[in-house]
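First the proteins, then the strands, lettered A, B, ... as listed; each starts at 1.
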There are 2 protein chains.
Amino acid sequence: MATGRTHRPATRSRGIPEATVARLPLYLRALTALSERSVPTVSSEELAAAAGVNSAKLRKDFSYLGSYGTRGVGYDVEYLVYQISRELGLTQDWPVVIVGIGNLGAALANYGGFASRGFRVAALIDADPSMAGKPVAGIPVQHTDDLEKIIDDNGVSIGVIATPAGAAQQVCERLVAAGVTSILNFAPTVLSVPDGVDVRKVDLSIELQILAFHEQRKAGEEAEAQAGAVLEAEAAAAAAKETGKGPDGDVPAVMPA
Amino acid sequence: MATGRTHRPATRSRGIPEATVARLPLYLRALTALSERSVPTVSSEELAAAAGVNSAKLRKDFSYLGSYGTRGVGYDVEYLVYQISRELGLTQDWPVVIVGIGNLGAALANYGGFASRGFRVAALIDADPSMAGKPVAGIPVQHTDDLEKIIDDNGVSIGVIATPAGAAQQVCERLVAAGVTSILNFAPTVLSVPDGVDVRKVDLSIELQILAFHEQRKAGEEAEAQAGAVLEAEAAAAAAKETGKGPDGDVPAVMPA
DNA sequence: CCATCTTTGTGCACGCGTTCACAAAGACAT
DNA sequence: ATGTCTTTGTGAACGCGTGCACAAAGATGG
Ligand SMILES: NC(=O)c1ccc[n+]([C@@H]2O[C@H](COP(=O)([O-])OP(=O)(O)OC[C@H]3O[C@@H](n4cnc5c(N)ncnc54)[C@H](O)[C@@H]3O)[C@@H](O)[C@H]2O)c1
Ligand SMILES: NC(=O)c1ccc[n+]([C@@H]2O[C@H](COP(=O)([O-])OP(=O)(O)OC[C@H]3O[C@@H](n4cnc5c(N)ncnc54)[C@H](O)[C@@H]3O)[C@@H](O)[C@H]2O)c1
């Protein structure tokens, strides 16, 4: 198996920071929009604004790719689109399989943004026999039995899992065994994979919970602000009373002062 | 359990690290599974394995919430479920609206995992008049015209955007103006919002591109490994010519005239 | 009550990512 | 050519997150 665990010095000049990699698609999207408007060049300031990031960060990100800008002018849009595309590996075609063609899987299959960037839905796979042959988004659904053959025939290295959580790990293992080395997981499970296999997860539930946390915090602060000087009361209460309660009390630690 | 002593040096009541917040739902999910299996206590080691994180990291995360563990034993599952739920704000009900009931929006509406954790789909909203009144996942779709009223009537503070990219910013502004302060965005756009509004984005395309990057890198390393001594050649070339930065000796850095 | 054993909670060091600030590079006008 | 003006590319400082390693807490058994 492709164990990236070689005696390589690691972090070589080839080592683009992960945070930067994650932003490249963002830049690419903004650049593509500019390209469509036939804008010839952009400054780091403008592009950063379009991508919603700090301009210094953007320049540093680009510095990892090389010096593609012109001082006093900015970056050549077309050229940068090409460089980033190449860096991300989008100049080649990536056949992708989607496993689990339910509500979500079908939506993904129908998603146009897939093909727009070198990603091609090579096959749709589901365990439900009654779905076999039925076309979704113009592509006939194939049965899980043929998973290995499909992966192999199409040279698929990227798989998308949209099955129920209970089936995800098993599906994952079959995909990996068949040669898939990158997985995008929509099922709410922690997938365990061997070294050399990349997994990224998209978890709606987690995102909502994070939002809820901040939402609650906002509500709490608002309440405190309304209560005025109650902040001090909270601090005092927290210091004095530590029994059984959490860091900030279950109910907003503000007593009706 | 209520062995709380004034031992805690004024725990970061509000300052829970963002990285920790993002992991709490993960812990909660693992704990819920344990709870369903009636497991009374769990060690940081076990729970960390279930959540796919480092045990030291998990303990540090929990330390931000307070000292809820018992040394020599571990954590009380039920109690921890409660504490994390409370911290995340899941002990209350969060009405959510989904805007843009197309392929993805419909899938989201049908998603069972929504309601399972205090999130309630309060309304489905779409701009297409022909969809108005038509039920999706048992909930009648309402027209965008009534967006403000719906938000207000239901006390919605969390909105999900699943419209085409072109409409996202506009929809976002209407949501915010109507009182929504947390947005989960599925459209491939950078949303600009006023201070105090949280936005999280789920971007399939970006995830795939990140996977493609690593996939390409893996393929490159594999090729290098096969080529054997070529590694040295590359190192030499890299040392000699550092203007370009060709990873695999690709197109030279030719500036566009 | 003491000894031993398990597991937490955390101080500390380290590395990554972000941001500032500015010298240098180049465009452009004169 | 020379000067000015714009914008890049990056050195350096800083802050956050991670993981190690261990002392302390508490359970358990004698
Ligand atoms: N629908 C959403 O918006 C949404 C959002 C977030 C997460 N998710 C997650 O995505 C996954 C799919 O959600 P969904 O709503 O599409 O569920 P679904 O039940 O509609 O679809 C699941 C599909 O997977 C197929 N399947 C089951 N076991 C399989 C196996 N072993 N191999 C291949 N296919 C198999 C089923 O036949 C079904 O077609 C779930 O894990 C869900 O939690 C869904
Ligand atoms: N389908 C996917 O799997 C997927 C994946 C990633 C991202 N996305 C993104 O999610 C969004 C939705 O994707 P989709 O496949 O469901 O598209 P879709 O075209 O099927 O659905 C879009 C829906 O939004 C509605 N709409 C349009 N303008 C609106 C407005 N101003 N207000 C309210 N509703 C409006 C349309 O009537 C339609 O029902 C797109 O931005 C897409 O890029 C989709």
Novice: Around atom CD of A:Q92, are there more than 12 heavy atoms from other residues, nucleotides or ligands closer than 6.0 Å?
Specialist: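 More than 12 heavy atoms, drawn from other residues, nucleotides or ligands, come within 6.0 Å of this atom.
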
Novice: For B:F62 and B:Y68, what are the C-alpha separation, side-chain angles and deciding distance, and is it a ring-ring contact (aromatic ring centres under 6.0 Å, His included)?
Specialist: CA-CA 8 Å; B:F62 286 174; B:Y68 296 145; 8.3 Å; no

Novice: Distance only, no hydrogens: is a donor on one side chain within 3.5 Å (strictly under) of an acceptor on the other, for A:Q209 and A:S205?
Specialist: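 The criterion, which ignores hydrogens and geometry beyond distance, is satisfied for A:S205 and A:Q209.
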
Novice: What string of B, S and - do you get for nucleotides 1-6 of chain D, 5' to 3', if B is base contact, S is sugar-phosphate-only contact and - is no contact with any protein heavy atom under 4.0 Å?
Specialist: -----B

Novice: Using whole Å, what does the distance between atom P of nucleotide C:dT18 and atom CD of A:E18 come to?
Specialist: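 For the pair A:E18 CD and C:dT18 P, the rounded distance is 11 Å.
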
Novice: Starting from C1' on C:dG26, measure out to OH on A:Y68 and report it in whole angstrom.
Specialist: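 Atom OH in A:Y68 sits about 19 Å away from atom C1' in C:dG26.
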
Novice: Tell me, which of residues 19-26 of chain B have any heavy atom that sits under 4.0 Å from an atom in DNA chain D?
Specialist: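 Hits under 4.0 Å, by residue number: B:A19, B:R23.
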
Novice: Below 4.0 angstrom from OP1 or OP2 of C:dT6, is there any side-chain N or O of B:Y75?
Specialist: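 No, outside the criterion.
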
Novice: Does D:dG17 have OP1 or OP2 sitting under 4.0 Å from an N or O in the side chain of B:N54?
Specialist: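 Indeed not, no polar side-chain atom of B:N54 lies that close.
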
Novice: Is B:V81 close to B:L28 at the side-chain level, that is, under 4.5 Å between some pair of heavy atoms?
Specialist: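 SC-SC contact between B:L28 and B:V81 confirmed.
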
Novice: Taking atom P of C:dT7 as reference, at what distance in whole Å does atom CZ of B:F62 sit?
Specialist: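 Taking atom P of C:dT7 as the reference, CZ of B:F62 is at 16 Å.
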
Novice: Let me know the distance between CD of A:E46 and P of D:dT7, rounded to the nearest Å.
Specialist: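 It works out to 8 Å between those atoms.
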
Novice: Please report, rounded to the nearest Å, how far the P atom of C:dT18 is from the CZ atom of A:R59.
Specialist: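 These atoms are roughly 15 Å apart.
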
Novice: Please report the distance, rounded to the nearest Å, between CG in B:D76 and C1' in C:dT7.
Specialist: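 Those two atoms, CG and C1', are 15 Å apart.
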
Novice: Reckon B:K57 has a side-chain N or O less than 4.0 Å from the OP1 or OP2 of D:dG19?
Specialist: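 B:K57 to D:dG19 OP1/OP2: side-chain N or O found under 4.0 Å.
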
Novice: Is any side-chain nitrogen or oxygen of A:S44 closer than 4.0 Å to OP1 or OP2 of D:dT8?
Specialist: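 For D:dT8, OP1 or OP2 has a side-chain N or O of A:S44 closer than 4.0 Å.
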
Novice: Is there a side-chain contact between B:Q216 and A:R86, using heavy atoms and a 4.5 Å cut-off?
Specialist: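 The answer is no, as the side chains (C-beta and beyond) never meet within the 4.5 Å cut-off.
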
Novice: Between A:A56 and A:P17, name the one whose nearest nucleotide on DNA chain C is closer to the 5' end.
Specialist: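 Going by which nucleotide is closer to the 5' end, it is A:P17.
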
Novice: Take a 6.0 Å sphere around CD of B:Q170 and say whether it holds more than 12 heavy atoms from other residues, nucleotides or ligands.
Specialist: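 No, because the 6.0 Å sphere around CD of B:Q170 holds 12 heavy atoms or fewer from other groups.
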
Novice: Among A:L191, A:I183, A:I206, A:V190, find the one that has a side-chain contact (heavy atoms from CB on, under 4.5 Å) with A:K201.
Specialist: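 The side-chain contact (heavy atoms from CB on, under 4.5 Å) with A:K201 is passed solely by A:I206 among A:L191, A:I183, A:I206, A:V190.
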
Novice: Can a side-chain donor-acceptor contact be found between B:Q83 and B:E87 if the only test is distance below 3.5 angstrom?
Specialist: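 B:Q83 and B:E87 do not have a side-chain donor-acceptor pair below 3.5 Å.
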
Novice: Show your reasoning for whether side chain to side chain contact (heavy atoms under 4.5 Å, CB included) applies to B:L31 and B:L47.
Specialist: CA-CA 8 Å; B:L31 285 165; B:L47 186 54; 3.8 Å; yes

Novice: Measure the distance from CD on A:E45 to C1' on D:dG9 and round it to the nearest whole Å.
Specialist: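 Those two atoms, CD and C1', are 14 Å apart.
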
Novice: Quick one: does any side-chain atom of A:E207 pair with a main-chain N or O of B:N185 as donor and acceptor, under 3.5 Å?
Specialist: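 Absent.
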
Novice: With a 4.0 Å limit, can you tell me whether A:Y64 has a side-chain N or O closer than that to the phosphate oxygens OP1/OP2 of C:dG17?
Specialist: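 Answer is no, no contact under 4.0 Å.
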
Novice: I'd like to know if A:K60 reaches the base of C:dT19 with its side chain, counting only an N/O donor and acceptor under 3.5 Å.
Specialist: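 When only heavy-atom distances are counted, A:K60 does reach the base of C:dT19 through a donor-acceptor pair under 3.5 Å.
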
Novice: Measure CG/B:L58 against C1'/C:dT10 and give the value in whole Å, please.
Specialist: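 Rounding to the nearest Å, CG of B:L58 and C1' of C:dT10 are 14 Å apart.
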
